[in-house]
Amino acid sequence: MTEQDDLAAEVDALGRRCPVPVIELARHVLDVPPGALIAVLADDEAARVDVPAWCRMRGHEYVGERPRERGAAYVVRRLH
Amino acid sequence: MAEQRAYLDAAAGEPLAPVARQALLAALDDGWADPRRLYAEGRRAALLLDAARASVAAVLGAHPDEVSFTGSGTQAAHLAVLGGLARRPGSGGGAYGRLVASAVEHSAVLAAGTLAEGSGGGVETVGVDRLGRVDAAEFVRAVHARPTALAALQSANQEVGTVQPVDAVHEACRAEGVPLLVDAAQTVGRMAVPPWDLLTASARKWGGPPGVGVLAVRRSVRWRAPFPADEAEGGRVPGGVGLPAVLAAATALEAAVADAATESARLHAIVARLRAELPQLVPDVEVVGDPDDRLPHVVTFSCLFVDGEALVTELDRLGFAVGSGSACTASTLRPSHVLAAMGVLTHGNVRVSLPRGAAESDVERLLTVLPGVVAGLRERAGVAGL
């Protein structure tokens, strides 16, 4: 299984400024089943800090950051 | 309706204290001459400058000859870092030594370190915890690990108010033989001065005029001018001082120190109220920084899903001047390095910092309007209920 294959969903927020990447992630996290991974693709620098902070506030697990050709995929596990 | 303004960005700079305004006007008549001249007008200016220096030195626990006035707090930080890192010519290994600093130092300290990095220096930043506080033991390990020319730790953070463990770090740095620069811009005139080897401050943070900073260097500390030789200000600041502004700054500091204990206690209580009530009034708000061991007058919070620029603009429209560390409010479009180092939400960020004499009614009015402002912005962005 490649890294991309383990993602149940990926939200594209490239070119969007904070707080849009976190908003897009919040909009779509319930699209994946509990326990599954969802990523938000962003090139706004604030996402690196704000996605983990959102996970902490909402009780999801921040899995980490995967570099992409443009920006990075910030990977989150839906916990509830 | 007459607009009611509340200026709540004291951490950036306070309005001029009334006594400082009087001192400035008097000094424009009395203190205009060059204090380095030998004629009567110059001697008069030199007497006034000596008195201002002695007064500021007394507050900092310094000898007057250890204190220099600079053109700003930023200039003081640049001179402190570059002069503290500068090596003797011909000593090898480049023009500058290595700096260890907390990751949440003022950007002027970090930027000066980065400049020195290009000429032999190196900058190692020590991270902070979720409250924005550096771990003293970790900081000292970084100082000990490799030869270090200078260590830098602020007295308290300018964005989130958290007080740093300067006492412990200073003692350990002394044992290592490494001088400690304390950026005390946010605490001078409000809190006790911690131990230091080099110290910087900014007059506009204590009610003095803009355009005056302070650089203090202990006699025992090695410091080399990072600019062409100049005799002004003990050889530590090129070009001499703006004397009227310096006299006003010294007067403002005396007034601030005289009131510091009662005023800091009053503001500390108002901020405690803000910290307690904000999360109850505004859903999904993260109040950051240490709740207790902090600056008396600063509280910072982030509102989930809210655009920081829109929030500051809307509050301004309603009569409130507040700061923000959100990326969209910075010319660089980068989020605040302080909030990022703490790992707290950077968007929707507001810093409220109370000037001396701030009315509690202004803060009450802020608490009244803020829930509606945040709800309105969330509604407009379509994120309500997310």
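Naming convention: chains lettered A, B, ... in sequence-line order (proteins, then strands); numbering from 1 in each chain. Computed over heavy atoms, backbone and side chain alike; hydrogens, waters and symmetry mates excluded.
Ranked by heavy-atom pairs under 4.5 Å with chain A, the list G343(B), S336(B), G308(B) is led by G343(B).
Using a 4.5 Å cut-off between heavy atoms, L345(B) touches chain A through backbone and side chain atoms alike. If you measure heavy-atom distances from R27(A) to chain B, the contacts under 4.5 Å come from both the backbone and the side chain. Contact of R130(B) with chain A is made through the side chain alone, with heavy-atom distances under 4.5 Å. Residue R48(A): no heavy atom, backbone or side chain, is found under 4.5 Å from chain B.
Look at E314(B) and R317(B) and you find a salt bridge, because one of the NZ, NE, NH1 or NH2 atoms lies within 4.0 Å of a carboxylate O, short of that distance. Residues D293(B) and R133(B) are paired through a salt bridge, judged by an N-O separation under 4.0 Å between the basic side chain and the carboxylate. Salt bridge annotation for R68(A)-E10(A): present, with a cationic side-chain nitrogen under 4.0 angstrom from a carboxylate oxygen.
If you take CG on D129(B) and CG on D290(B), they are separated by 8.5 Å, rounding to the nearest 0.5 Å. Put simply, NE2 on H106(B) and CD on Q154(B) are 9.5 Å apart, with the number rounded to the nearest 0.5 Å.
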